[in-house]
Amino acid sequence: LVSWASCCCHKEARTEEREEEGGRAESITWWQILSTPGMLVCVAGMLVAGSGWSWYTASLEPFLKQKYEISSSQTGLVFMAFGACDSLCSPMVGCLTDKGPDGLHAIVSGNFLIFLGFLFIGPVPPLRSLASLELTTVSLGVQGLGSAFTYIGSLVFMMRAALGAGLPDKEQTRAMVSGLWVISDCAGGYLGSQLGSLAYDTWGLETGTMMEGGVILASVVLVSLYTALVTRTREGDGGEEEARLRHSDHQVCDYQSIK
(Lines give C-alpha, C1' and ligand atoms only; values in the text may rest on other atoms or scores of the structure.)
Protein backbone atom coordinates (compact mmCIF):
# COMPACT_ATOMS: atom_id res chain seq x y z
CA LEU A 1 0.00 0.00 0.00
CA VAL A 2 2.83 2.39 0.81
CA SER A 3 4.49 1.66 -2.54
CA TRP A 4 1.20 2.19 -4.40
CA ALA A 5 0.61 5.51 -2.63
CA SER A 6 4.14 6.63 -3.45
CA CYS A 7 3.67 5.81 -7.13
CA CYS A 8 0.40 7.77 -7.23
CA CYS A 9 2.02 10.81 -5.62
CA HIS A 10 4.94 10.89 -8.05
CA LYS A 11 3.11 9.80 -11.18
CA GLU A 12 2.11 13.31 -12.23
CA ALA A 13 5.59 14.74 -11.68
CA ARG A 14 7.20 11.94 -13.71
CA THR A 15 4.70 12.40 -16.52
CA GLU A 16 5.49 16.12 -16.73
CA GLU A 17 9.22 15.34 -16.72
CA ARG A 18 8.85 12.87 -19.60
CA GLU A 19 6.79 15.39 -21.58
CA GLU A 20 9.48 18.04 -21.10
CA GLU A 21 12.17 15.61 -22.25
CA GLY A 22 10.06 14.17 -25.04
CA GLY A 23 11.61 15.98 -27.97
CA ARG A 24 15.22 15.96 -26.81
CA ALA A 25 15.41 12.46 -25.29
CA GLU A 26 18.34 10.38 -26.49
CA SER A 27 18.77 6.68 -26.04
CA ILE A 28 21.74 5.46 -23.98
CA THR A 29 23.49 2.24 -24.92
CA TRP A 30 25.18 -0.28 -22.68
CA TRP A 31 28.46 0.44 -24.41
CA GLN A 32 28.28 4.05 -23.25
CA ILE A 33 27.73 2.89 -19.69
CA LEU A 34 30.49 0.27 -19.73
CA SER A 35 33.01 2.55 -21.46
CA THR A 36 32.65 5.21 -18.76
CA PRO A 37 36.04 5.70 -17.05
CA GLY A 38 36.22 3.59 -13.90
CA MET A 39 32.99 1.70 -14.51
CA LEU A 40 34.62 -1.69 -15.19
CA VAL A 41 36.87 -1.23 -12.15
CA CYS A 42 33.77 -0.85 -9.99
CA VAL A 43 32.19 -3.86 -11.66
CA ALA A 44 35.27 -5.93 -10.81
CA GLY A 45 35.14 -4.73 -7.20
CA MET A 46 31.45 -5.62 -6.96
CA LEU A 47 32.02 -9.06 -8.50
CA VAL A 48 34.61 -9.83 -5.85
CA ALA A 49 32.47 -8.46 -3.02
CA GLY A 50 29.47 -10.44 -4.27
CA SER A 51 31.50 -13.63 -4.40
CA GLY A 52 32.76 -12.99 -0.87
CA TRP A 53 29.45 -13.25 0.98
CA SER A 54 28.35 -16.30 -1.05
CA TRP A 55 31.68 -18.17 -0.94
CA TYR A 56 30.87 -19.99 2.29
CA THR A 57 27.07 -20.14 2.17
CA ALA A 58 27.08 -23.88 1.46
CA SER A 59 30.26 -24.81 3.31
CA LEU A 60 30.38 -22.87 6.57
CA GLU A 61 27.54 -24.74 8.27
CA PRO A 62 29.02 -28.26 7.85
CA PHE A 63 32.44 -26.86 8.77
CA LEU A 64 31.17 -25.33 12.02
CA LYS A 65 29.10 -28.39 12.86
CA GLN A 66 32.06 -30.68 12.37
CA LYS A 67 34.62 -28.50 14.16
CA TYR A 68 32.61 -26.98 17.02
CA GLU A 69 29.61 -29.36 17.18
CA ILE A 70 27.03 -26.57 17.22
CA SER A 71 23.38 -26.88 16.22
CA SER A 72 21.67 -25.40 13.18
CA SER A 73 20.08 -22.62 15.27
CA GLN A 74 23.48 -21.65 16.66
CA THR A 75 24.91 -21.67 13.15
CA GLY A 76 22.13 -19.28 12.15
CA LEU A 77 23.22 -16.89 14.90
CA VAL A 78 26.77 -17.00 13.56
CA PHE A 79 25.56 -16.21 10.04
CA MET A 80 23.47 -13.35 11.42
CA ALA A 81 26.65 -11.40 12.27
CA PHE A 82 27.19 -10.56 8.60
CA GLY A 83 23.71 -9.21 7.93
CA ALA A 84 23.48 -7.40 11.25
CA CYS A 85 26.76 -5.52 10.75
CA ASP A 86 25.91 -4.73 7.13
CA SER A 87 22.48 -3.35 8.04
CA LEU A 88 23.64 -1.39 11.07
CA CYS A 89 26.73 0.10 9.43
CA SER A 90 25.24 1.01 6.03
CA PRO A 91 23.68 4.33 7.22
CA MET A 92 26.94 5.39 8.85
CA VAL A 93 28.92 4.42 5.75
CA GLY A 94 26.51 6.47 3.63
CA CYS A 95 27.10 9.53 5.82
CA LEU A 96 30.87 9.03 5.64
CA THR A 97 30.73 8.71 1.85
CA ASP A 98 28.74 11.95 1.59
CA LYS A 99 31.13 13.93 3.80
CA GLY A 100 34.49 12.22 3.42
CA PRO A 101 36.08 9.71 1.01
CA ASP A 102 34.76 9.18 -2.48
CA GLY A 103 33.43 5.91 -3.86
CA LEU A 104 36.81 4.50 -4.90
CA HIS A 105 38.29 4.88 -1.42
CA ALA A 106 35.18 3.24 0.02
CA ILE A 107 35.61 0.27 -2.34
CA VAL A 108 39.27 -0.12 -1.37
CA SER A 109 38.41 0.04 2.34
CA GLY A 110 35.46 -2.33 1.98
CA ASN A 111 37.26 -5.02 0.00
CA PHE A 112 40.24 -4.84 2.35
CA LEU A 113 37.92 -5.44 5.32
CA ILE A 114 36.38 -8.39 3.46
CA PHE A 115 39.91 -9.71 2.87
CA LEU A 116 40.66 -9.46 6.60
CA GLY A 117 37.46 -11.34 7.35
CA PHE A 118 38.47 -14.15 5.02
CA LEU A 119 41.83 -14.46 6.74
CA PHE A 120 40.20 -15.33 10.07
CA ILE A 121 36.91 -16.99 9.18
CA GLY A 122 38.53 -20.46 9.12
CA PRO A 123 41.09 -19.17 9.71
CA VAL A 124 43.54 -19.71 6.85
CA PRO A 125 46.06 -22.60 7.34
CA PRO A 126 48.98 -20.43 8.58
CA LEU A 127 46.72 -19.03 11.34
CA ARG A 128 44.95 -22.26 12.23
CA SER A 129 46.12 -22.09 15.85
CA LEU A 130 43.91 -19.01 16.38
CA ALA A 131 40.72 -20.84 15.42
CA SER A 132 37.67 -20.25 17.59
CA LEU A 133 33.94 -19.82 17.13
CA GLU A 134 34.13 -16.25 18.42
CA LEU A 135 36.81 -15.38 15.85
CA THR A 136 34.66 -16.79 13.04
CA THR A 137 31.67 -14.73 14.21
CA VAL A 138 33.72 -11.54 14.41
CA SER A 139 35.15 -12.25 10.95
CA LEU A 140 31.64 -12.44 9.50
CA GLY A 141 30.82 -9.11 11.15
CA VAL A 142 33.93 -7.52 9.65
CA GLN A 143 32.88 -8.80 6.24
CA GLY A 144 29.46 -7.23 6.74
CA LEU A 145 31.11 -3.87 7.49
CA GLY A 146 33.33 -4.24 4.42
CA SER A 147 30.35 -5.07 2.23
CA ALA A 148 28.60 -1.90 3.41
CA PHE A 149 31.60 0.17 2.30
CA THR A 150 31.96 -1.60 -1.05
CA TYR A 151 28.27 -1.67 -1.99
CA ILE A 152 27.55 1.97 -1.17
CA GLY A 153 30.87 3.26 -2.49
CA SER A 154 30.58 1.42 -5.79
CA LEU A 155 27.04 2.62 -6.45
CA VAL A 156 27.94 6.22 -5.62
CA PHE A 157 31.02 6.17 -7.85
CA MET A 158 29.22 4.47 -10.74
CA MET A 159 26.50 7.12 -10.69
CA ARG A 160 29.00 9.99 -10.51
CA ALA A 161 31.18 8.45 -13.20
CA ALA A 162 28.28 8.09 -15.63
CA LEU A 163 27.15 11.69 -15.13
CA GLY A 164 30.73 12.97 -15.15
CA ALA A 165 31.32 11.31 -18.51
CA GLY A 166 28.62 13.49 -20.05
CA LEU A 167 25.71 11.05 -20.00
CA PRO A 168 22.38 12.81 -19.46
CA ASP A 169 21.07 12.99 -15.91
CA LYS A 170 17.80 11.18 -16.46
CA GLU A 171 15.94 8.10 -15.32
CA GLN A 172 17.34 5.81 -18.02
CA THR A 173 20.95 6.54 -17.02
CA ARG A 174 20.28 5.92 -13.35
CA ALA A 175 18.31 2.75 -14.10
CA MET A 176 21.03 1.28 -16.32
CA VAL A 177 23.79 2.06 -13.81
CA SER A 178 21.74 0.58 -10.97
CA GLY A 179 21.01 -2.47 -13.09
CA LEU A 180 24.70 -2.96 -13.84
CA TRP A 181 25.42 -2.68 -10.12
CA VAL A 182 22.84 -5.36 -9.28
CA ILE A 183 24.03 -7.62 -12.11
CA SER A 184 27.62 -7.38 -10.84
CA ASP A 185 26.56 -8.37 -7.32
CA CYS A 186 24.38 -11.26 -8.52
CA ALA A 187 27.04 -12.56 -10.91
CA GLY A 188 29.59 -12.44 -8.10
CA GLY A 189 27.18 -14.28 -5.82
CA TYR A 190 26.67 -17.01 -8.41
CA LEU A 191 30.39 -17.46 -9.01
CA GLY A 192 31.13 -17.39 -5.28
CA SER A 193 28.59 -20.06 -4.38
CA GLN A 194 29.74 -22.38 -7.17
CA LEU A 195 33.48 -21.95 -6.76
CA GLY A 196 33.28 -21.82 -2.96
CA SER A 197 31.46 -25.15 -2.81
CA LEU A 198 33.92 -26.69 -5.25
CA ALA A 199 36.88 -25.40 -3.24
CA TYR A 200 35.38 -26.79 -0.02
CA ASP A 201 34.96 -30.27 -1.54
CA THR A 202 38.48 -30.18 -2.97
CA TRP A 203 40.65 -28.41 -0.39
CA GLY A 204 38.48 -27.63 2.63
CA LEU A 205 37.19 -24.35 4.04
CA GLU A 206 40.50 -22.97 5.32
CA THR A 207 42.38 -23.37 2.04
CA GLY A 208 39.35 -22.28 0.01
CA THR A 209 38.97 -19.05 1.98
CA MET A 210 42.69 -18.40 1.57
CA MET A 211 42.30 -18.64 -2.21
CA GLU A 212 39.31 -16.31 -2.22
CA GLY A 213 41.17 -13.94 0.08
CA GLY A 214 43.97 -13.76 -2.50
CA VAL A 215 41.45 -12.79 -5.20
CA ILE A 216 39.95 -10.12 -2.94
CA LEU A 217 43.39 -8.73 -2.14
CA ALA A 218 44.14 -8.55 -5.88
CA SER A 219 40.97 -6.47 -6.34
CA VAL A 220 42.13 -4.14 -3.56
CA VAL A 221 45.43 -3.62 -5.37
CA LEU A 222 43.64 -3.04 -8.70
CA VAL A 223 41.24 -0.44 -7.34
CA SER A 224 44.05 1.22 -5.35
CA LEU A 225 46.16 1.60 -8.49
CA TYR A 226 43.22 3.08 -10.37
CA THR A 227 42.49 5.44 -7.46
CA ALA A 228 46.12 6.62 -7.48
CA LEU A 229 45.92 7.16 -11.24
CA VAL A 230 42.71 9.18 -10.94
CA THR A 231 44.15 11.27 -8.09
CA ARG A 232 47.31 12.03 -10.06
CA THR A 233 45.27 12.96 -13.13
CA ARG A 234 43.10 15.33 -11.09
CA GLU A 235 46.15 16.94 -9.52
CA GLY A 236 47.71 17.38 -12.95
CA ASP A 237 44.56 18.94 -14.34
CA GLY A 238 44.35 21.20 -11.31
CA GLY A 239 47.96 22.30 -11.77
CA GLU A 240 47.39 23.07 -15.44
CA GLU A 241 44.26 25.05 -14.62
CA GLU A 242 46.11 27.00 -11.92
CA ALA A 243 48.97 27.77 -14.32
CA ARG A 244 46.49 28.93 -16.95
CA LEU A 245 44.76 31.22 -14.45
CA ARG A 246 48.09 32.66 -13.35
CA HIS A 247 49.05 33.27 -16.97
CA SER A 248 45.75 35.04 -17.54
CA ASP A 249 46.29 37.19 -14.43
CA HIS A 250 49.77 38.17 -15.66
CA GLN A 251 48.34 39.14 -19.05
CA VAL A 252 45.69 41.28 -17.36
CA CYS A 253 48.32 42.96 -15.17
CA ASP A 254 50.56 43.64 -18.19
CA TYR A 255 47.63 45.10 -20.11
CA GLN A 256 46.70 47.37 -17.20
CA SER A 257 50.32 48.57 -16.81
CA ILE A 258 50.49 49.34 -20.54
CA LYS A 259 47.25 51.34 -20.27
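Note that the structure is a prediction, hence the values are computed from the model and not measured.
The minimum heavy-atom distance between Ala161 and Thr36, with the atom names listed, is O-CG2, 3.1 Å. Here the closest heavy-atom approach between residue Ile107 and residue Gly153 is recorded as CG1-C, 4.1 Å. Contact record, Ser219 with Asn111: OG-ND2, 3.1 Å, taken as the closest heavy-atom pair.
The side chain to side chain donor-acceptor pair (under 3.5 Å) search around Ser51 returns Glu212, not counting sequence neighbours.
Remark: the backbone N or O of Tyr190 is paired with a side-chain donor or acceptor of Ser193 at under 3.5 angstrom.
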* Which is it for Phe149 and Phe112 under the side-chain contact (heavy atoms from CB on, under 4.5 Å) test, yes or no, and what are the steps along the way? -> CA-CA 10 Å; Phe149 272 99; Phe112 185 74; over 6 Å; no
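Trp31 belongs to no hydrophobic cluster with other residues, because no ILVMFWY side-chain heavy atom falls under 4.5 Å from its own, directly or through intermediates.
Atom OG1 of residue Thr173 and atom CD1 of residue Ile33 lie 5.5 Å apart, to the nearest 0.5 angstrom. Summarising the geometry, atom CG belonging to Leu60 is positioned 13.5 Å from atom NZ belonging to Lys65; distances are rounded to the nearest 0.5 Å. The line from CG of Leu133 to CG of Leu64 is 6.5 Å long, rounded to the nearest 0.5 Å. Rounding to the nearest 0.5 Å places SG of Cys42 at 5.5 Å from CG of Leu104.
Taking the six-membered ring where tryptophan is involved, the planes of Tyr151 and Trp181 are perpendicular, since the angle between them exceeds 60° and thus also 30°. Ring-plane geometry between Phe63 and Tyr68 is classed as perpendicular, the angle between the planes exceeding 60 degrees on a 0 to 90 degree scale with a lower cut at 30.
More than 12 heavy-atom neighbours from other residues, nucleotides or ligands sit within 6.0 angstrom of NZ on Lys67. Heavy atoms from other residues, nucleotides or ligands lying under 6.0 Å from OH of Tyr226 number more than 12.
Val48 pairs with exactly one of Ile216, Leu217, Thr150 by the side chain to side chain contact (heavy atoms under 4.5 Å, CB included) rule, that one being Ile216.
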What pairs of donor and acceptor atoms, side-chain ones from residues 200-209 against any protein atom, are under 3.5 angstrom apart with sequence neighbours left out?
unit_1	atom_1	unit_2	atom_2	d
Thr202	OG1	Leu198	O	2.8
Thr209	OG1	Leu205	O	2.9
Thr209	OG1	Glu206	O	2.8

